[in-house]
Number of protein chains: 2
Amino acid sequence: MISGKFAITIHILTLLHKFPNDYLSSEFIAGSINLNPVLVRKEIANLKAHHIVESKEGKNGGTKLAVNAADLTLKQIFEMTFETIGLGFAKNQPNPDCPVGKNINQHLEALYSEMNQNVSRQLEGISLEDFSNQF
Amino acid sequence: MISGKFAITIHILTLLHKFPNDYLSSEFIAGSINLNPVLVRKEIANLKAHHIVESKEGKNGGTKLAVNAADLTLKQIFEMTFETIGLGFAKNQPNPDCPVGKNINQHLEALYSEMNQNVSRQLEGISLEDFSNQF
DNA sequence: TAAATTTGTAACATATTTTATTACAGTATG
DNA sequence: CATACTGTAATAAAATATGTTACAAATTTA
């Protein structure tokens with residue numbers, strides 16, 4: 001399974017970009033994603049920690065973008081929500097007495113690291129503005 | 001979370017490549033991965049369905065490679081175990097009455113499709129033999 | 001200042017996916 | 001015929017992701 005964090009976060013940011021002058025409530029956003037507002041607020045908390053958005057509490061409060069959408073890349077969003085891609089590891093520590101078991105994770109890590117560089121290059125070239133303007 | 005299928009499968013194949021003349025038992029393989037033998041047999045069943053390995057039942061049975069390791073690419077292994085990478089989708093159907101909700105999944109799919117092509121190109125260039133010879 | 005609305009967050013519940021275990025029929029070997 | 005495998009189903013346990021409820025704190029507006 002893969003968490004929906006990236007998809008949810010980019011959905012939130014796209015909405016914020018579409019309404020640049022409003023503080024959008026978590027409930028409004030949740031209505032577009034079809035997601036519980038608490039979960040929206042959790043993702044927003046993450047965005048706030050990275051200074052991508054700002055929120056206002058209280059009545060008529062909500063959240064708005066705090067950065068220029070042209071300067072925020074999908075790579076940054078990816079890193080805020082995923083850290084890394086890859087094709088996974090076996091759950092248990094492999095057998096250290098086997099030459100393959102002993103080294104496989106290190107080789108997989110190297111492979112996945114290349115994948116990340118690869119994907120990062122792609123995502124670096126796309127800004128939130130680019131993404132949002134497709135709609 | 002991400003399933004360990006790819007890692008487990010490539011671990012199995014690396015072992016088979018290291019012992020090209022033996023039928024390896026699921027128990028032996030499981031000992032290297034540190035995984036339940038039944039799960040090893042399940043991944044082997046998948047490999048068999050793709051004609052990558054062949055098994056022999058009964059005493060002294062086991063599994064061996066049925067293809068040339070130089071001709072089997074990590075891309076093929078990836079496709080046998082994952083189908084696709086990506087950064088996920090929100091679990092619920094987004095709101096079709098919202099212009100963003102209505103179209104976001106389609107745009108994400110396009111993005112992920114590019115990611116896949118990107119990663120596939122990388123994995124295409126690495127054979128099982130290449131991977132295994134690192135050990 | 002009081003009522004209403006919204007964020008922030010914790011605590012808990014449910015759902016889904018992944019991994020593990022048990023069991024046993026079927027097959028080949030010696 | 002005993003042994004050691006595969007193949008597969010059924011079930012259990014563990015891990016992760018998502019959902020819900022509750023409520024304190026903040027801010028607006030009447």
Side-chain angles (χ1 to χ4, degrees), chain A residues 1-9 11-12 15-16 19 22-31 33-50 52-66 81-84 86-94, chain B residues 1-9 11-12 15-16 19 22-50 52-64 66 81-84 86-94:
Chain A
M1 195 178 29
I2 207 167
S3 136
K5 274 172 83 73
F6 175 83
I8 290 163
T9 297
H11 193 147
I12 293 168
L15 286 171
L16 295 179
F19 297 91
D22 296 322
Y23 282 89
L24 301 186
S25 76
S26 61
E27 183 139 354
F28 174 82
I29 295 171
I33 306 180
N34 189 12
L35 185 73
N36 194 290
V38 173
L39 300 180
V40 171
R41 298 206 284 273
K42 273 185 187 161
E43 293 313 318
I44 284 173
N46 184 34
L47 288 167
K48 281 178 61 180
H50 289 88
I52 305 298
V53 302
E54 54 179 272
S55 294
K56 209 169 62 171
E57 294 188 24
K59 189 167 177 180
N60 298 331
T63 301
K64 73 197 250 314
L65 263 186
T81 53
F82 256 80
E83 303 101 54
T84 178
L87 304 178
F89 297 92
K91 182 186 153 205
N92 302 324
Q93 185 75 37
Chain B
M1 194 177 34
I2 205 167
S3 138
K5 272 173 85 73
F6 175 83
I8 289 163
T9 297
H11 193 146
I12 293 169
L15 287 170
L16 296 179
F19 298 90
D22 297 322
Y23 282 88
L24 302 186
S25 76
S26 62
E27 183 138 354
F28 174 82
I29 295 170
S32 173
I33 306 179
N34 189 12
L35 186 72
N36 193 290
V38 173
L39 301 180
V40 172
R41 299 206 284 272
K42 272 186 187 160
E43 293 314 319
I44 284 174
N46 184 34
L47 287 167
K48 281 178 60 180
H50 289 88
I52 304 299
V53 303
E54 54 179 272
S55 295
K56 207 171 64 173
E57 292 189 26
K59 189 167 177 179
N60 298 333
T63 301
K64 74 196 253 313
T81 54
F82 256 81
E83 304 100 54
T84 179
L87 304 177
F89 296 90
K91 183 185 154 208
N92 302 324
Q93 185 74 38

Hey, are the side chains of B/K64 and B/F19 touching, using non-hydrogen atoms and a 4.5 Å cut-off?
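No, side chains not in contact.
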Quick one: is B/N92 getting a side-chain N or O under 4.0 Å of the D/dG19 phosphate, OP1 or OP2?
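Answer yes for this pair, as a side-chain N or O of B/N92 is under 4.0 Å from OP1 or OP2.
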Over all atoms of both residues, closest heavy-atom pair of A/A7 and B/A90:
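Between these two residues, the closest heavy atoms are CB-N, 3.7 Å.
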Which atoms form the tightest heavy-atom contact between B/H11 and B/S32, and what is the distance?
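In this case the closest contact between B/H11 and B/S32 is NE2-OG, 2.8 Å.
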With side-chain contact (heavy atoms from CB on, under 4.5 Å) as the test, pick out the partner of A/V40 among A/I8, A/T9, A/L24, A/I29.
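The single option meeting the side-chain contact (heavy atoms from CB on, under 4.5 Å) with A/V40 is A/I29.
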Closest-nucleotide mapping onto DNA chain D: is B/A90 or B/A45 further toward the 5' terminus? I mean the 5' end.
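Upstream on the strand: B/A45.
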Reading DNA chain D from 5' onward, which residue's closest nucleotide shows up sooner: A/R41 or A/E57?
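Comparing both residues, the 5'-ward one is A/R41.
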Nearest-angstrom distance from the residue atom [atom1] of [X] to [atom2] of [N]:
| X | N | atom1 | atom2 | value |
| --- | --- | --- | --- | --- |
| B/L24 | D/dC5 | CG | C1' | 13 Å |
| A/K56 | D/dA26 | NZ | C1' | 12 Å |
| B/K42 | D/dT8 | NZ | P | 11 Å |
| A/K48 | D/dA26 | NZ | P | 12 Å |

Describe the nucleic acid contact of A/S26 in one word from base, sugar-phosphate, nothing, applying a heavy-atom distance below 4.0 Å.
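Counting heavy atoms under 4.0 Å across all strands, the contact made by A/S26 is with sugar-phosphate only.
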Using a 4.0 Å heavy-atom cut-off across all strands, classify A/N36 as base, sugar-phosphate, or nothing.
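If one applies the 4.0 Å heavy-atom cut-off, A/N36 turns out to touch a base.
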